Amino acid sequence: MTALLPQVLNLLLQFLDSFGFLILSAVGLAIIFGMMGVINLAHGEFITVGAYGTALSYHAGLPLVAAMVVGVATTTVFGLILEFTVVRRLYGRLLDSMVATWGISLIMIQGLRVVFGSSLDSIGTPLGNIQYGTFSYSTYRLLLAGASLALLGALYWMFTATEFGTRARATIQDEEMSRALGVDTNRMYLLTFGIGSALAGLTGALYAPTMTIVPGMGSTFLVEAFVTVVVGGASVLVGTTGAGVLLGAINALFSNLFGTFAGRMALLVTTILIIRILPQGITGLLNQIREEEA
(Lines give C-alpha, C1' and ligand atoms only; values in the text may rest on other atoms or scores of the structure.)
Protein backbone atom coordinates (compact mmCIF):
# COMPACT_ATOMS: atom_id res chain seq x y z
CA MET A 1 0.00 0.00 0.00
CA THR A 2 2.83 2.40 0.86
CA ALA A 3 4.54 1.66 -2.45
CA LEU A 4 1.26 2.29 -4.31
CA LEU A 5 0.58 5.67 -2.67
CA PRO A 6 3.06 7.72 -4.79
CA GLN A 7 1.50 6.31 -7.98
CA VAL A 8 -2.02 7.16 -6.84
CA LEU A 9 -0.89 10.62 -5.76
CA ASN A 10 0.83 11.16 -9.10
CA LEU A 11 -2.31 10.13 -10.99
CA LEU A 12 -4.47 12.46 -8.89
CA LEU A 13 -2.12 15.41 -9.40
CA GLN A 14 -1.92 14.72 -13.13
CA PHE A 15 -5.72 14.72 -13.26
CA LEU A 16 -5.88 18.08 -11.46
CA ASP A 17 -3.21 19.48 -13.76
CA SER A 18 -5.03 18.26 -16.87
CA PHE A 19 -8.42 19.42 -15.58
CA GLY A 20 -7.07 22.90 -14.84
CA PHE A 21 -5.41 23.14 -18.25
CA LEU A 22 -8.55 22.05 -20.11
CA ILE A 23 -10.86 24.37 -18.19
CA LEU A 24 -8.63 27.44 -18.41
CA SER A 25 -7.94 26.80 -22.10
CA ALA A 26 -11.58 26.28 -23.04
CA VAL A 27 -13.70 28.58 -20.89
CA GLY A 28 -13.06 31.77 -22.89
CA LEU A 29 -13.75 29.98 -26.16
CA ALA A 30 -16.86 28.35 -24.68
CA ILE A 31 -18.32 31.71 -23.62
CA ILE A 32 -17.78 33.31 -27.03
CA PHE A 33 -19.15 30.31 -28.92
CA GLY A 34 -21.95 29.45 -26.51
CA MET A 35 -23.27 32.99 -26.16
CA MET A 36 -22.42 34.50 -29.55
CA GLY A 37 -22.25 31.59 -31.97
CA VAL A 38 -18.79 32.68 -33.12
CA ILE A 39 -16.00 30.12 -33.44
CA ASN A 40 -12.89 32.11 -32.64
CA LEU A 41 -9.98 30.35 -34.35
CA ALA A 42 -7.69 33.07 -33.00
CA HIS A 43 -8.42 31.93 -29.43
CA GLY A 44 -4.95 30.43 -29.08
CA GLU A 45 -3.39 33.69 -30.18
CA PHE A 46 -5.47 35.59 -27.60
CA ILE A 47 -3.87 33.32 -25.01
CA THR A 48 -0.49 34.11 -26.56
CA VAL A 49 -1.13 37.84 -26.18
CA GLY A 50 -1.78 37.29 -22.47
CA ALA A 51 1.46 35.36 -22.12
CA TYR A 52 3.47 37.98 -24.05
CA GLY A 53 1.97 40.85 -22.06
CA THR A 54 2.84 39.06 -18.83
CA ALA A 55 6.38 38.15 -19.87
CA LEU A 56 7.23 41.58 -21.26
CA SER A 57 5.86 43.33 -18.17
CA TYR A 58 7.71 40.96 -15.85
CA HIS A 59 11.03 41.48 -17.64
CA ALA A 60 10.37 45.24 -17.53
CA GLY A 61 10.47 45.03 -13.73
CA LEU A 62 6.89 44.45 -12.57
CA PRO A 63 6.12 41.78 -9.93
CA LEU A 64 4.69 38.61 -11.44
CA VAL A 65 1.12 39.19 -10.24
CA ALA A 66 1.12 42.76 -11.56
CA ALA A 67 2.57 41.52 -14.85
CA MET A 68 -0.27 39.01 -15.11
CA VAL A 69 -2.80 41.81 -14.64
CA VAL A 70 -1.14 43.69 -17.50
CA GLY A 71 -1.32 40.57 -19.66
CA VAL A 72 -5.05 40.13 -18.99
CA ALA A 73 -5.78 43.83 -19.56
CA THR A 74 -3.84 43.84 -22.85
CA THR A 75 -5.77 40.85 -24.17
CA THR A 76 -9.10 42.33 -23.07
CA VAL A 77 -8.47 45.62 -24.88
CA PHE A 78 -7.27 43.75 -27.96
CA GLY A 79 -10.41 41.59 -27.95
CA LEU A 80 -12.74 44.58 -27.58
CA ILE A 81 -11.07 46.35 -30.50
CA LEU A 82 -11.30 43.21 -32.63
CA GLU A 83 -14.99 42.71 -31.81
CA PHE A 84 -15.83 46.32 -32.65
CA THR A 85 -13.90 46.39 -35.92
CA VAL A 86 -14.23 42.84 -37.33
CA VAL A 87 -16.27 40.26 -35.40
CA ARG A 88 -19.40 42.42 -35.03
CA ARG A 89 -19.96 42.19 -38.78
CA LEU A 90 -19.83 38.39 -38.75
CA TYR A 91 -22.60 37.43 -36.30
CA GLY A 92 -24.79 34.71 -37.79
CA ARG A 93 -22.12 33.89 -40.40
CA LEU A 94 -20.36 30.91 -38.82
CA LEU A 95 -18.04 29.97 -41.67
CA ASP A 96 -17.14 33.60 -42.37
CA SER A 97 -16.24 34.13 -38.71
CA MET A 98 -14.04 31.03 -38.75
CA VAL A 99 -12.16 32.16 -41.85
CA ALA A 100 -11.77 35.71 -40.55
CA THR A 101 -10.49 34.70 -37.11
CA TRP A 102 -8.17 32.11 -38.69
CA GLY A 103 -6.70 34.88 -40.84
CA ILE A 104 -6.32 37.06 -37.77
CA SER A 105 -4.47 34.24 -35.99
CA LEU A 106 -1.97 33.95 -38.84
CA ILE A 107 -1.40 37.71 -38.85
CA MET A 108 -0.89 37.71 -35.08
CA ILE A 109 1.62 34.85 -35.16
CA GLN A 110 3.73 36.45 -37.85
CA GLY A 111 3.38 39.90 -36.28
CA LEU A 112 4.67 38.65 -32.93
CA ARG A 113 7.54 36.90 -34.69
CA VAL A 114 8.50 40.06 -36.59
CA VAL A 115 8.26 42.38 -33.59
CA PHE A 116 9.63 40.20 -30.76
CA GLY A 117 11.63 37.51 -32.53
CA SER A 118 11.33 33.74 -32.28
CA SER A 119 10.96 33.63 -28.47
CA LEU A 120 11.02 35.62 -25.22
CA ASP A 121 13.09 35.00 -22.13
CA SER A 122 11.33 32.56 -19.82
CA ILE A 123 9.90 33.64 -16.47
CA GLY A 124 10.45 30.48 -14.46
CA THR A 125 7.87 28.57 -12.44
CA PRO A 126 7.41 30.06 -8.94
CA LEU A 127 6.57 28.47 -5.57
CA GLY A 128 8.85 25.43 -5.84
CA ASN A 129 7.65 21.81 -5.48
CA ILE A 130 5.52 19.72 -3.16
CA GLN A 131 7.74 16.98 -1.73
CA TYR A 132 6.60 13.54 -0.55
CA GLY A 133 9.54 11.22 -0.05
CA THR A 134 11.17 10.87 -3.45
CA PHE A 135 8.03 12.22 -5.15
CA SER A 136 7.79 15.92 -6.03
CA TYR A 137 5.28 18.01 -7.93
CA SER A 138 5.08 21.67 -8.92
CA THR A 139 3.12 23.70 -6.35
CA TYR A 140 2.29 26.31 -8.98
CA ARG A 141 0.67 23.79 -11.33
CA LEU A 142 -1.49 22.58 -8.46
CA LEU A 143 -2.44 26.22 -7.85
CA LEU A 144 -3.59 26.44 -11.48
CA ALA A 145 -6.09 23.65 -10.86
CA GLY A 146 -7.45 25.61 -7.90
CA ALA A 147 -7.64 28.73 -10.07
CA SER A 148 -9.76 26.86 -12.62
CA LEU A 149 -12.26 25.84 -9.92
CA ALA A 150 -12.39 29.39 -8.55
CA LEU A 151 -12.97 30.72 -12.06
CA LEU A 152 -15.87 28.34 -12.67
CA GLY A 153 -17.44 29.46 -9.38
CA ALA A 154 -17.03 33.13 -10.29
CA LEU A 155 -18.57 32.62 -13.73
CA TYR A 156 -21.51 30.70 -12.24
CA TRP A 157 -22.18 33.60 -9.88
CA MET A 158 -21.85 36.16 -12.65
CA PHE A 159 -24.27 34.44 -15.03
CA THR A 160 -26.87 33.44 -12.42
CA ALA A 161 -26.83 36.17 -9.77
CA THR A 162 -26.11 39.44 -11.57
CA GLU A 163 -28.05 41.75 -13.87
CA PHE A 164 -25.45 41.26 -16.58
CA GLY A 165 -25.94 37.50 -16.41
CA THR A 166 -29.70 37.84 -16.73
CA ARG A 167 -29.39 40.14 -19.74
CA ALA A 168 -26.75 37.89 -21.31
CA ARG A 169 -28.89 34.76 -20.96
CA ALA A 170 -31.91 36.61 -22.32
CA THR A 171 -29.89 37.73 -25.35
CA ILE A 172 -28.81 34.15 -26.02
CA GLN A 173 -32.34 32.74 -25.78
CA ASP A 174 -34.12 35.39 -27.87
CA GLU A 175 -32.13 38.32 -29.23
CA GLU A 176 -35.07 40.09 -30.89
CA MET A 177 -37.27 39.91 -27.81
CA SER A 178 -34.42 41.08 -25.60
CA ARG A 179 -33.85 44.07 -27.87
CA ALA A 180 -37.57 44.85 -27.81
CA LEU A 181 -37.45 44.84 -23.98
CA GLY A 182 -34.65 47.38 -23.94
CA VAL A 183 -31.51 45.24 -23.81
CA ASP A 184 -28.65 46.72 -25.83
CA THR A 185 -27.67 43.45 -27.53
CA ASN A 186 -24.70 44.96 -29.36
CA ARG A 187 -23.30 46.08 -26.02
CA MET A 188 -23.96 42.63 -24.56
CA TYR A 189 -22.05 40.99 -27.40
CA LEU A 190 -19.18 43.45 -26.96
CA LEU A 191 -18.99 42.76 -23.23
CA THR A 192 -19.27 39.01 -23.78
CA PHE A 193 -16.44 39.01 -26.30
CA GLY A 194 -14.43 41.14 -23.90
CA ILE A 195 -15.00 38.62 -21.09
CA GLY A 196 -14.00 35.72 -23.35
CA SER A 197 -10.88 37.65 -24.38
CA ALA A 198 -10.04 38.43 -20.76
CA LEU A 199 -10.33 34.74 -19.85
CA ALA A 200 -8.03 33.82 -22.73
CA GLY A 201 -5.57 36.46 -21.53
CA LEU A 202 -5.82 35.09 -17.99
CA THR A 203 -4.94 31.63 -19.28
CA GLY A 204 -1.90 32.99 -21.09
CA ALA A 205 -0.85 34.98 -18.03
CA LEU A 206 -1.19 32.02 -15.67
CA TYR A 207 0.70 29.62 -17.92
CA ALA A 208 3.41 32.07 -18.97
CA PRO A 209 5.71 30.98 -16.09
CA THR A 210 5.38 27.30 -17.10
CA MET A 211 6.07 27.47 -20.85
CA THR A 212 8.51 28.61 -23.48
CA ILE A 213 6.97 31.80 -24.84
CA VAL A 214 6.97 31.69 -28.63
CA PRO A 215 4.62 33.17 -31.27
CA GLY A 216 3.03 29.79 -32.06
CA MET A 217 2.38 28.73 -28.46
CA GLY A 218 -1.37 29.25 -28.86
CA SER A 219 -1.69 26.00 -30.80
CA THR A 220 -0.82 24.15 -27.58
CA PHE A 221 -4.06 25.45 -26.07
CA LEU A 222 -6.32 25.56 -29.11
CA VAL A 223 -6.70 21.80 -29.67
CA GLU A 224 -7.55 21.11 -26.02
CA ALA A 225 -9.92 24.08 -25.94
CA PHE A 226 -11.90 22.90 -28.98
CA VAL A 227 -11.96 19.31 -27.77
CA THR A 228 -13.36 20.43 -24.42
CA VAL A 229 -15.99 22.70 -26.00
CA VAL A 230 -17.11 19.99 -28.45
CA VAL A 231 -17.40 17.34 -25.75
CA GLY A 232 -19.11 19.74 -23.33
CA GLY A 233 -21.72 21.02 -25.74
CA ALA A 234 -23.64 24.29 -25.62
CA SER A 235 -23.67 24.89 -21.86
CA VAL A 236 -20.76 27.16 -20.94
CA LEU A 237 -20.46 26.04 -17.31
CA VAL A 238 -22.05 22.59 -16.94
CA GLY A 239 -20.82 21.26 -20.26
CA THR A 240 -17.31 22.66 -19.95
CA THR A 241 -16.95 21.40 -16.38
CA GLY A 242 -18.20 17.94 -17.28
CA ALA A 243 -15.89 17.76 -20.27
CA GLY A 244 -12.97 18.91 -18.12
CA VAL A 245 -13.59 16.14 -15.59
CA LEU A 246 -14.03 13.41 -18.21
CA LEU A 247 -11.18 14.41 -20.50
CA GLY A 248 -8.91 15.29 -17.59
CA ALA A 249 -9.34 11.81 -16.14
CA ILE A 250 -8.70 10.14 -19.49
CA ASN A 251 -5.65 12.27 -20.22
CA ALA A 252 -4.20 11.69 -16.76
CA LEU A 253 -4.76 7.93 -16.92
CA PHE A 254 -3.27 7.37 -20.37
CA SER A 255 -0.43 9.85 -19.82
CA ASN A 256 0.47 8.15 -16.56
CA LEU A 257 0.42 4.66 -18.12
CA PHE A 258 1.73 5.25 -21.63
CA GLY A 259 3.15 8.78 -21.85
CA THR A 260 2.05 12.28 -22.88
CA PHE A 261 1.50 11.44 -26.56
CA ALA A 262 -0.84 8.59 -25.64
CA GLY A 263 -2.78 10.96 -23.40
CA ARG A 264 -3.34 13.44 -26.23
CA MET A 265 -4.37 10.67 -28.60
CA ALA A 266 -6.83 9.37 -26.01
CA LEU A 267 -8.41 12.83 -25.84
CA LEU A 268 -8.94 12.91 -29.60
CA VAL A 269 -10.33 9.35 -29.73
CA THR A 270 -12.71 10.14 -26.85
CA THR A 271 -13.89 13.27 -28.65
CA ILE A 272 -14.59 11.33 -31.84
CA LEU A 273 -16.58 8.72 -29.94
CA ILE A 274 -18.62 11.32 -28.05
CA ILE A 275 -19.41 13.24 -31.23
CA ARG A 276 -20.62 9.96 -32.75
CA ILE A 277 -22.69 8.92 -29.74
CA LEU A 278 -23.70 12.33 -28.35
CA PRO A 279 -23.74 14.91 -31.16
CA GLN A 280 -24.76 17.64 -28.69
CA GLY A 281 -22.14 16.63 -26.15
CA ILE A 282 -22.58 16.32 -22.41
CA THR A 283 -25.05 19.22 -22.42
CA GLY A 284 -27.31 17.36 -24.84
CA LEU A 285 -27.21 14.23 -22.66
CA LEU A 286 -28.15 16.19 -19.54
CA ASN A 287 -31.01 17.94 -21.36
CA GLN A 288 -32.30 14.58 -22.55
CA ILE A 289 -32.22 13.20 -19.00
CA ARG A 290 -34.13 16.24 -17.71
CA GLU A 291 -36.80 15.87 -20.41
CA GLU A 292 -37.27 12.17 -19.63
CA GLU A 293 -37.61 12.90 -15.90
CA ALA A 294 -40.15 15.66 -16.59
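Numbering starts at 1 and runs along the sequence shown. No experiment lies behind these values; they were computed from the predicted model shown.
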Determine, using the 4.5 Å side-chain heavy-atom cutoff (strictly less than), whether [X] and [Y] are members of one ILVMFWY cluster.
X	Y	value
M211	L112	yes
I272	L247	no
L143	V69	no
V77	L199	no
F19	L144	yes

Given 3.5 Å as the limit, does a donor-acceptor pair link the side chain of [X] with the main chain of [Y], or not?
X	Y	result
T240	G232	no
R89	F84	yes
S18	Q14	no
T260	S255	no
Y52	G204	no
T101	L41	yes
H59	D121	yes
S148	A145	yes

Going by heavy atoms in the side chains, are [X] and [Y] under 4.5 Å from each other?
X	Y	result
L16	L142	yes
F21	N251	no
F221	E45	no
M188	F164	yes
T270	V231	no
V87	I32	no
L273	V269	yes
I282	I274	no

When you look at [atom1] of [X], are more than 12 heavy atoms from neighbouring residues, nucleotides or ligands closer to it than 6.0 Å?
X	atom1	result
Y140	OH	yes
F226	CZ	yes
R179	CZ	yes
R113	CZ	yes

If you take all heavy atoms of [X] and [Y], which pair is closest and at what distance?
X	Y	answer
A243	T228	CB-O, 3.4 Å
L11	A252	CD1-O, 3.6 Å
I123	A208	CD1-CB, 4.0 Å
T48	P215	CG2-O, 3.9 Å
T125	S138	CG2-OG, 3.7 Å
I23	T241	CD1-CA, 4.0 Å

Checklist entry - Does the side-chain contact (heavy atoms from CB on, under 4.5 Å) test come out yes or no for V230 and F33, once each step is laid out? => result CA-CA 11 Å; V230 167; F33 175 64; over 6 Å; no
[atom2] on [Y] to [atom1] on [X], rounded to 0.5 Å:
X	Y	atom1	atom2	answer
E83	Y189	CD	OH	10.5 Å
I47	T75	CD1	OG1	9.5 Å
I213	L56	CD1	CG	8.0 Å
M68	L202	CE	CG	8.5 Å
M158	I31	CE	CD1	5.5 Å
N40	S197	CG	OG	7.0 Å

Checklist entry - Step by step, would you call F15 with N256 a side-chain contact (heavy atoms from CB on, under 4.5 Å)? => result CA-CA 10 Å; F15 163 71; N256 192 54; over 6 Å; no
Item to check | Worked check of side-chain contact (heavy atoms from CB on, under 4.5 Å) between L80 and T76 | outcome: CA-CA 6 Å; L80 291 173; T76 304; 4.2 Å; yes
Next on the checklist: With side-chain contact (heavy atoms from CB on, under 4.5 Å) as the criterion, how do L237 and T160 come out once you've worked through the C-alpha distance, each side chain's angles and the decisive distance to 0.1 Å?
Outcome noted: CA-CA 11 Å; L237 296 178; T160 60; 5.6 Å; no
Checklist entry - Once the angle between the rings of F46 and F193 is folded into 0 to 90°, is it parallel (under 30°), tilted (30 to 60°) or perpendicular (over 60°)? => result perpendicular
